[in-house]
Amino acid sequence: MENTIREQIFELIDPDYQKFSAALIPNINNVLGVRLPELRKLAKKIAKGDWRTYLATAEDKYFEEIMLQGMVIGYVKTDIEEILSYVASLVPKIDNWSVCDSFCTGLKFTKENKERVWTFLQPYLSSKKEYEIRFGVVMLLDFYIETEYIDRVLILLNRAKHDGVYAKMAVAWAVSICYVKFPDTTMEYLRNNMLDDFTYNKAIQKISESNRVDQETKTLIRSMKRK
């Protein structure tokens, strides 16, 4: 089955897109160049068939192979515990922001299982590994920046510590989304937090670049940048 899937992936390669895609993910060198909509079509087809065999035998040589596994996990229909076991198996394979963020976006079962997934995410948010933290943080910004969770989310963002730039950028991104959705609560947080200077200033930058923040507020936010 795996050879067949790999052959299908190879049939979808777009050489021009390969150059573009590889340039966006500079820390890896195994990008074939398949557009994500094409991978999603393949993932949906696999998810309707014997997806368990596919996930048990799928290989990880190419960026697209890991991306495809993540997409399939997002599409399958089974109980929450089985899905989370597959999520836990995929997270260690994440080695770039693109797989991480696409994977998180696809885990829409989270919406119906908020508290269970919240508990599942906690170890990742205190991990020592860059992409485990990014996974946890991107899951927060995709599914938990809402009234019931905002206070807890900000506490976790305060605690998420890693020297890796992709972990820091995820925290900054999450803080900016918190501000857009909950400006008063997040402003209080911005005035009293434990973020390192890089992450804090990136969050300030992202907020000030948002088209959902008015000009007067952007001026105020920019004035809060740490020197």
Side-chain angles (χ1 to χ4, degrees), residues 20-21 23-27 36-37 74 94 96-115 117-122 124-127 129-227:
F20 169 77
S21 185
L24 290 176
I25 317 167
N27 59 316
L36 295 189
I94 298 173
N96 63 85
W97 66 265
S98 183
V99 165
C100 178
D101 299 2
S102 292
F103 182 45
C104 292
T105 301
L107 301 182
K108 298 194 187 322
F109 61 82
T110 302
K111 295 175 184 177
E112 286 76 48
N113 299 276
K114 283 284 180 70
E115 278 300 314
V117 177
W118 177 269
T119 301
F120 173 81
L121 292 175
Q122 298 313 301
Y124 296 107
L125 290 158
S126 58
S127 174
K129 297 180 179 178
E130 181 174 13
Y131 288 101
E132 289 193 356
I133 287 192
R134 187 177 177 100
F135 166 74
V137 171
V138 175
M139 286 294 289
L140 293 183
L141 73 87
D142 278 344
F143 299 107
Y144 290 95
I145 301 179
E146 53 187 32
T147 303
E148 185 180 347
Y149 289 94
I150 182 62
D151 291 332
R152 285 185 276 171
V153 166
L154 289 170
I155 288 169
L156 289 173
L157 294 178
N158 228 18
R159 293 175 183 167
K161 305 291 183 187
H162 196 281
D163 290 336
V165 68
Y166 291 101
K168 290 176 185 283
M169 292 296 284
V171 173
W173 178 21
V175 171
S176 72
I177 301 298
C178 288
Y179 184 86
V180 166
K181 293 187 176 181
F182 296 94
D184 294 340
T185 303
T186 310
M187 178 61 85
E188 190 177 327
Y189 168 78
L190 287 171
R191 287 181 167 138
N192 183 24
N193 63 78
M194 296 185 295
L195 297 175
D196 63 86
D197 289 351
F198 176 88
T199 305
Y200 173 85
N201 284 338
K202 277 294 176 186
I204 292 295
Q205 179 186 334
K206 285 179 176 293
I207 295 167
S208 65
E209 289 173 351
S210 173
N211 57 15
R212 295 163 69 184
V213 176
D214 65 73
Q215 202 58 48
E216 185 179 348
T217 304
K218 287 181 179 184
T219 302
L220 170 62
I221 290 291
R222 288 191 189 105
S223 75
M224 294 171 64
K225 185 175 181 180
R226 293 177 188 163
K227 306 300 182 188

S.K.: State, with a plain yes or no, whether a side-chain heavy atom of Phe198 is found less than 4.5 Å away from one of Val165.
M.R.: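 The answer is yes, as the side chains (C-beta and beyond) meet within the 4.5 Å cut-off.
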S.K.: Quick one: closest heavy-atom pair of Arg226 and Asn201, and the distance?
M.R.: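 Looking at all heavy atoms of both residues, the shortest contact is N-OD1, 2.9 Å.
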S.K.: Counting heavy atoms not belonging to Asp163, are there more than 12 under 6.0 Å from its CG?
M.R.: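 12 or below, so no.
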S.K.: How close do Val171 and Leu157 get, counting heavy atoms only, and between which atoms?
M.R.: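 Reported closest heavy-atom pair: CG1-O, 3.9 Å.
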S.K.: Walk me through whether Asp151 and Phe182 qualify under side chain to side chain contact (heavy atoms under 4.5 Å, CB included).
M.R.: CA-CA 10 Å; Asp151 291 332; Phe182 296 94; over 6 Å; no
S.K.: Within a radius of less than 6.0 Å around CD of Glu209, do more than 12 heavy atoms belonging to other residues, nucleotides or ligands occur?
M.R.: yes
S.K.: Any chance NZ of Lys161 has more than 12 other-residue heavy atoms, nucleotides or ligands included, within less than 6.0 Å?
M.R.: yes
S.K.: Would you check if Met169 and Thr199 make a side-chain contact, meaning some heavy-atom pair closer than 4.5 Å?
M.R.: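 Contact flag for Met169/Thr199 side chains = no.
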S.K.: Can you see which heavy atom on Ile94 is nearest to which on Cys100, and at what distance?
M.R.: CG2-CB, 3.6 Å
S.K.: Is Gln122 reaching over with its side chain to a backbone N or O of Trp118, donor-acceptor style, under 3.5 angstrom?
M.R.: yes
S.K.: So, for Cys178 and Leu154, which heavy atoms are closest and what is the spacing to 0.1 Å?
M.R.: SG-CD2, 4.0 Å
S.K.: Shortest non-hydrogen contact from Arg222 to Ile204?
M.R.: CA-CG2, 4.3 Å
S.K.: In Å, rounded to the nearest 0.5 Å, how long is the span from OG1 of Thr185 to CD1 of Ile145?
M.R.: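 Taking OG1 in Thr185 and CD1 in Ile145, the distance rounds to 12.0 Å.
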S.K.: Could you give the distance from CD1 (Ile221) to CD1 (Ile207), rounded to the nearest 0.5 Å?
M.R.: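 If we round to the nearest 0.5 Å, Ile221:CD1 and Ile207:CD1 are 5.0 Å apart.
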S.K.: Does either side chain, that of Glu115 or that of Tyr149, offer a donor lying less than 3.5 Å from an acceptor on the other one?
M.R.: yes
S.K.: With side chains defined as the heavy atoms from C-beta onward, is the minimum distance between Ile150 and Tyr189 less than 4.5 Å?
M.R.: no
S.K.: Test side chain to side chain contact (heavy atoms under 4.5 Å, CB included) on Thr219 and Glu216; report intermediate values, then the result.
M.R.: CA-CA 5 Å; Thr219 302; Glu216 185 179 348; 5.8 Å; no
S.K.: Hey, could you give me the CG/OH distance between Leu140 and Tyr124, rounded to the nearest 0.5 Å?
M.R.: 13.5 Å
S.K.: Counting N and O atoms only, with roles assigned by atom type, does the side chain of Thr186 sit under 3.5 Å from a partner on the main chain of Pro183, one being a donor and the other an acceptor?
M.R.: no
S.K.: With a 4.5 Å cut-off on side-chain heavy atoms, are Phe120 and Asn113 touching?
M.R.: no
S.K.: Between Tyr166 and Arg134, is there a cation-pi geometry (under 6.0 Å to ring centre, at most 45° from the normal)?
M.R.: no
S.K.: Please lay out, stage by stage, how Val99 and Tyr131 fare under the test side chain to side chain contact (heavy atoms under 4.5 Å, CB included).
M.R.: CA-CA 10 Å; Val99 165; Tyr131 288 101; over 6 Å; no
S.K.: Got a second to check how far Lys111's NZ is from Asp142's CG, nearest 0.5 Å?
M.R.: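 One gets 9.0 Å once the value is rounded to the nearest 0.5 Å.
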S.K.: So which atom in Leu190 and which in Tyr200 form the shortest heavy-atom distance, rounded to 0.1 Å?
M.R.: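 Scanning both residues, the minimum pair turns out to be O-CE1, 3.5 Å.
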S.K.: Give a yes or no on whether the backbone of Asn193 and the side-chain of Asn158 come within a donor-acceptor separation of less than 3.5 Å.
M.R.: no
S.K.: Nearest 0.5 Å, what's the NZ-CD1 distance between Lys129 and Ile133?
M.R.: 11.5 Å
S.K.: What distance do Leu220 atom CG and Ser208 atom OG have between them, rounded to the nearest 0.5 Å?
M.R.: 11.0 Å
S.K.: Within 45° of the axis and under 6.0 Å from the centre of the six-membered ring of Tyr144, does NZ or CZ of Lys114 qualify?
M.R.: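 Because its charged atom sits under 6.0 Å from the ring centre and within 45° of the axis, Lys114 does stack over Tyr144.
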S.K.: Hey, mind stepping through Lys168 and Glu130 against side chain to side chain contact (heavy atoms under 4.5 Å, CB included) and telling me if it holds?
M.R.: CA-CA 9 Å; Lys168 290 176 185 283; Glu130 181 174 13; over 6 Å; no
S.K.: With a 4.5 Å cut-off on side-chain heavy atoms, are Arg191 and Met224 touching?
M.R.: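 Yes - at least one pair of side-chain heavy atoms lies under 4.5 Å apart.
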S.K.: Can any side-chain N or O of Lys218 pair as donor or acceptor with the backbone N or O of Ser210 at less than 3.5 Å?
M.R.: yes
